[in-house]
Every structure is written in C-alpha cells, then in structure tokens.
Amino acid sequence: MENFVQQAIDDDLKNGKYTTGIHTRFPPEPNGYLHIGHAKSICLNFGLAEFNNGLCNLRFDDTNPTKEDVEYVDSIQEDIHWLGFDWEDRKFYASDYFEKLYNYAVELIKKNLAYVDDLSAEEIRRTRGTLTEGGKESPFRNRSIEENLNLFAKMKAGEFSDGEKVLRAKIDMSSPNMNMRDPVIYRIAHANHHRTGDQWCIYPMYDFAHPLSDAIEGITHSVCTLEFEDHRPFYDWLLESLDFDEKTRPRQIEFARLDLTNTVTSKRKLLQLVKEGHVRGWDDPRMSTLSGLRRRGFTPAAIKKFCNEIGVAKANSLVDISMLEHCVREDLNETADRVMAVLNPLKVILTNVDEDEYLIAENHPHHGGNRYIPFGREIFIERDDFMEDAPKKFFRLKPGGEVRLKYAYIIKCNEVIKDAEGNVIELRCTIDPTSKSGGETANRKIKGTIHWVEAKSAIKAEVRLYDYLLKTDENGNLPEDFISAINPNSLIVIKNALIEPSVKFAAPSTRYQFLRLGYFVVDYDTTFENLVFNRIVGLKDTWSKVKNA
RNA sequence: AGGGGCAUCGCCAAGUUGGUAAGGCACCAGACUCUGAAUCUGGCAUGCGUUGGUUCGAGUCCAGCUGCCCCUGCCA
C-alpha cells in the first residue's frame, strides 16, 4: 500500500492523531449495482484498513428514500464479499443514525448555526448567487432559536408538506464556495424508507449525514472521490461546530475515480444500457458491473490485482482496458486448467488410423496433473489452422505440409476436399506413427502445433465470444452520445463448438483455458443438454498481428 | 473568468530536506517453446504543460502564462 492516502495516514500517526487505530468505511448509496470503479474504492478502503491493522465498515448511505431500494443492498453485499472483503459485524446504515442526526441538527440550531427556511426550492436557487457573485441571505435567516426549534420539531412531526420548509446551516451566503452558502441539511419528504418505513418525513442531506455518520462510527479517514473536495470545508465546519475533537475526528481525503476505456462506469449509463435493452441485464458479461465481470469469468484476484496496479492519485485518468485484461490473464494463466476445444470445426480424416486410443494430456503446463483424451480416425481442427495458400510465416497446416497435433501425432495433409462452391469441407491426412507424444521417437521438430478434438467423443457446446461493448476512439474517448459507440459485434454466439469430453460435467463458473484460444468460463445458463461458455479474454495473439501486417 | 483541484513516456504511475527521471501496461527485437500462450533477455522520457527566475545544480523552490477536471440538486 503505497499512495498519497497512506502517506496522509502516516503523517497523522506521526503527529499523534488517531492513537486508537485507523478506521475507514465504504459508503455506497443503495441505488444501483457496484461496478469496477467501486472496486477501486473498496480495495482502497478495505486495503487501507488491512494495511494499518485497522477496520473498515460497510455503510449504506441511505438518506434519500425516493431513490434507494433493498434490491441494491443485497447485491452490494454480495459483490463486496465476492471480492473477498469482510466488514464482519460492522454493517451500518446512515438511517441507523436518523435519531442522532436529528439531535445534532437540534444542537446546531441551539448554537444558532442552523435555521428553518420557508423559501421554496426555486427561491433558494435564485438567491444562492452564481459562481462569480455571492448569494442573498434568506429573510428567514434570523429567526429566533426558539422559533427554529419549534419549526424543526413541527417539520419532524409532519406538519408541513414536501418542500414547504427546509433546515439550513447558517454559514456565509457570500462564500466563494457554493457549499458554504447556507446549504440545506434537512428536507421534508413524506416517503417510505426501505428501512425506517414511515417513521420519518424529514431526511438529512448527504453533506450533513456523512461527516456525522463517520464521526459516530469512529472513522478516522473518510476517503471519497474528487468531486467532494469542495465539500470538505463544510465537512470540517460541521464537526468543528459540533465540538468534535480535532485529534480524533474523521478527516476527508479525496482521490480520482476510475475511468476505463471501452466501457462506462456511471450508474446512470449502466442503467440506461439495461433499460434500453442493449445488454441482457446488470450481470451481462459485457457490463463493467461487478456482477457482470463475475459472470464474464473475471476472478476477484484479477480485479484486486488491477486495482493495485492502477494506483491511487488525484489526477483524472483514463486507464486502458488492456491493463485489466493483463490482470485476468496473469491470474488465469496460473489457475485455469487447459482443455482443447474447437470453435470453428474443420473435419480431418486420418487415413492411416484405424484404432481408437486414449492419449495423455497435461491439465496445466507447470502444475502437474494429467487426463486421458480420446483419439481416432476422425477429428476436427480449427478452420483457421488450415490455409490453402499459406504465407511463408504460416506455420500451421497447409496442403502437403505437416503440423503437430497437441499431445498426439505429427500429421501431413495429403488431400483437400471441397464442396461444389469450392469451400474446403474436409482434409485427408496421415499421421507419422513414430511421432506420438511422449514416445521415444517423438522428438522430430515441427514448427506448428495445433489443437484438435476427436469426432465421436467431442461434446457440442455453445460459446459466447465477447468483445468490447463500446468502441472508443484512438484516445480511448467515447462520443457524447455513448449509445452510438455500441459495438454491434460485442457478442458472437457460436452454437456448435466442439469440446473434449473431460469438460462434460463442469459446473457453472468453472474456468478453463481452451488451448491456443483464450480463457473461458462455464456460464450460469448451462444445462445438462446445453453447455454454455463465455470467453473471458483471449490469449495474446502475435499471429494476428503478423497476419494483419 | 469566483472557488477548489490536476498537469512526469502512447496509457497508468513513483519521485516528500533541490543532486542529476522507479515500476507496470502497451509496443518493438531476440531466445525458448508439442499453446504463434507462458517464460526469459534487451529496447522504449538529454526529458518532467509552458516561459522566465533563484542555484554549482530544479520534475522538485519562486513568478507569470496555458490546458484539463469539479462546483449555482430540497442527489450522493
């Protein structure tokens, strides 16, 4: 853990602050699904706690009942646990503190630092001033403390309708910082809250609830994104005004949110993709939601590694998606068993093979473990692995040429069979019986090795090939209307892929490397009759560069 | 422009008393290879937005420019 937030913590510790330990929190609003950007925050907050031998709370920021829903609190918890973080018994809700928060507001009124304002939303907006000019004080700003106390109690009691009154902090209408121009801290909303039901009809604003929730929980470092930088003066003002000790009260630190090429990381845009049907749902494997990445086959380790690699800083940045892909490959290369599958089959008859046999194949190049795979007269190879008029650099199968069948024999292509339209439909080859893998005479060097599958035993599977949902320009930027950047080929479904039989009973979420093709995961849609795989990410492919050069 | 931030290789990102530009991704070259994967080796900023200044010496200090992001919800 080496970033500017940790440095700030080190400084605080050195200066004798927070002697009882470091305490952070991850504070999602339950109004949407978590995405890769949240993963950065989760890794940061839980990581900081872990690194400093401290604690990290989960706290739902549920102060706006009109936008929040329980559906989301469940998915959020599932996602955080999936990533491998645990808040133990420290799951809180801002709504747990509604009573305390109310009392703090009363205290503020008593200190003459808050007042009930009768101005309408429209009037408040008009009198707030502009970026370059200060605002005007409300005519209700100087009500007596008693009157404010009385009015606020009535607000709580439900004597007013929505929008009729608000409670505002009394700070400075001429401040160059908009957030200090008597910000609203309580509003009236006769709305049913997912946890407190109809108990309240006034709800605290984020700016009021957040610092106090942090303070109540004993948070030491309240880490949030850059756009809250302007709110920090209010954060400090509130806690100062309410006499929280500077040595122990929480400190807000802001970092730059994650932006990734070829995707969107905004709840609004993600929601739009789902609502308009551009994807199958929140967990569509093309989505940057954690549930989408999970279904796609990404591992928690890969995502954590990614969050670690990109660092934490204050500069707005746009991370290239290749960084994420590198992290999954790195993890899966170590952990995924190898298996052979042919996505686009081309039949090959081995004319000098009469007997079926079993061959030994490694499950992983350096983790040991073997399995038997069937071999026989009729096999399938990848259509891309054969070329009639092959360029010199093509070291796969071509007429008259030789290639090694992985774990089997070297074969020679003797005959190319075509249909009436001239399409290649079958190859006739012969094996070199002395070249059997593992045998004493198998060492003849052959440049190419290809994967294959035996015809009778191969199982049919559906394979979903995913590409970027969005096409960004050469700088990684999306157009204003990001919907227009949707990649029409972001999903290609292959219905008749052929896979070696060892994979037959693989359970959903089992990951494999399909030799020479990429990493794949068994999708939740899988049934006994229909095996479904998602491509997580392809292998690095130098040949495609050569070919397209 | 009133305020708050940020500017180091194509992309992230170290650099904290000024001492002569880490690392990762991507890319290129080569070695190795029964995955054109993995692995290994080498290459990749005389330069730190810009212009001046201070200094023996500046990415680091000072001044002035420029560019980008955020802020006028009873959202978070």
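In the text below, chain A, chain B and the rest are named by the order of the sequence lines, each starting its count at 1.
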Listed partners of A:H364 passing ring-ring contact (aromatic ring centres under 6.0 Å, His included), at least two apart: A:H366, A:H367

Contacting residues from residues 122-141 of chain A, given that a heavy atom lies under 4.0 angstrom of RNA chain B: A:I124, A:R125, A:R128, A:G129, A:T130, A:L131, A:T132

Touch class at under 4.0 angstrom, heavy-atom based, for A:T66 against every strand present: nothing

Proximity of A:H210 and A:Y206 rings by center, below 6.0 Å: yes

Distance, C1' atom - from B:rA38 to B:rC48, rounded to whole angstrom: 35 Å

Mate of B:rU41 where both pairing distances stay under 3.5 Å, Watson-Crick or G-U: B:rA29

Under 3.5 Å on both distances, the Watson-Crick or G-U partner of B:rA7: B:rU66

A:E122 and A:S120: side chain donor to acceptor below 3.5 Å: no

Touch class at under 4.0 angstrom, heavy-atom based, for A:V166 against every strand present: base

Nearest-angstrom distance, C1' atom, B:rC44 to B:rC34: 33 Å

B:rU72 versus B:rG4 - spacing of their C1' atoms, nearest Å: 14 Å

A:E334 or A:L517, whichever maps to the more 5' nucleotide of RNA chain B: A:L517

Sugar-phosphate, base or nothing in reach of A:I202, heavy atoms under 4.0 Å: nothing

A:F520 and its side-chain contact (heavy atoms from CB on, under 4.5 Å) partner, picked from A:L332, A:V339, A:V537, A:L465: A:L465

Where chain A begins and ends its contact with RNA chain B, read 5' to 3' at 4.0 Å from heavy atoms: B:rA1 to B:rA76

Sugar-phosphate only, base, or nothing, as touched by A:R232 at under 4.0 Å among non-hydrogen atoms: nothing

A:Y186 and A:F208 aromatic centres sub-6.0 Å: yes

Sugar-phosphate only, base, or nothing, as touched by A:F4 at under 4.0 Å among non-hydrogen atoms: nothing

Crowding at CZ, A:R195 (>12 non-hydrogen neighbours, <6.0 Å): yes

Side chain to side chain, A:W200 and A:P65, heavy atoms closer than 4.5 Å: no

Touch class at under 4.0 angstrom, heavy-atom based, for A:D61 against every strand present: sugar-phosphate

Sugar-phosphate only, base, or nothing, as touched by A:K314 at under 4.0 Å among non-hydrogen atoms: sugar-phosphate

Donor-acceptor contact present, side-chain A:D62 to main-chain A:A94, <3.5 Å: yes

Inter-nucleotide C1' distance (B:rA22, B:rG15), Å rounded: 8 Å

Interatomic distance at P, B:rC27 relative to B:rU20, whole Å: 33 Å

Touch class at under 4.0 angstrom, heavy-atom based, for A:H231 against every strand present: base

Side-chain donor-acceptor pair present, A:N477, A:N475, cut-off under 3.5 Å: no

A:S322 and A:D320 side chains, donor-acceptor separation under 3.5 Å: yes

Student check: side-chain heavy atoms of A:F98 and A:H193 closer than 4.5 Å: yes

Distance between P atoms of B:rC25 and B:rU41 (Å, rounded): 13 Å

Syn or anti conformation of B:rG73, syn meaning chi within 90° of 0: syn

Sugar-phosphate only, base, or nothing, as touched by A:G448 at under 4.0 Å among non-hydrogen atoms: nothing

Check: A:D79/A:Y33 side-chain N/O donor and acceptor closer than 3.5 Å: no

Sugar-phosphate only, base, or nothing, as touched by A:A121 at under 4.0 Å among non-hydrogen atoms: base

Closest-nucleotide ordering on RNA chain B, the 5'-leading residue of A:M178 and A:T542: A:T542

Sugar-phosphate, base or nothing in reach of A:K545, heavy atoms under 4.0 Å: sugar-phosphate

B:rG73 and B:rA13, which share atom name P, separated by this distance in whole Å: 31 Å

Identified pairing partner of B:rG2, criterion: Watson-Crick or G-U wobble below 3.5 Å: B:rC71

Sugar-phosphate only, base, or nothing, as touched by A:V546 at under 4.0 Å among non-hydrogen atoms: nothing

Sugar-phosphate only, base, or nothing, as touched by A:Q513 at under 4.0 Å among non-hydrogen atoms: base

Pairwise C1' distance, B:rC65 and B:rA7 [rounded to whole Å]: 14 Å

Sugar-phosphate only, base, or nothing, as touched by A:Y186 at under 4.0 Å among non-hydrogen atoms: nothing

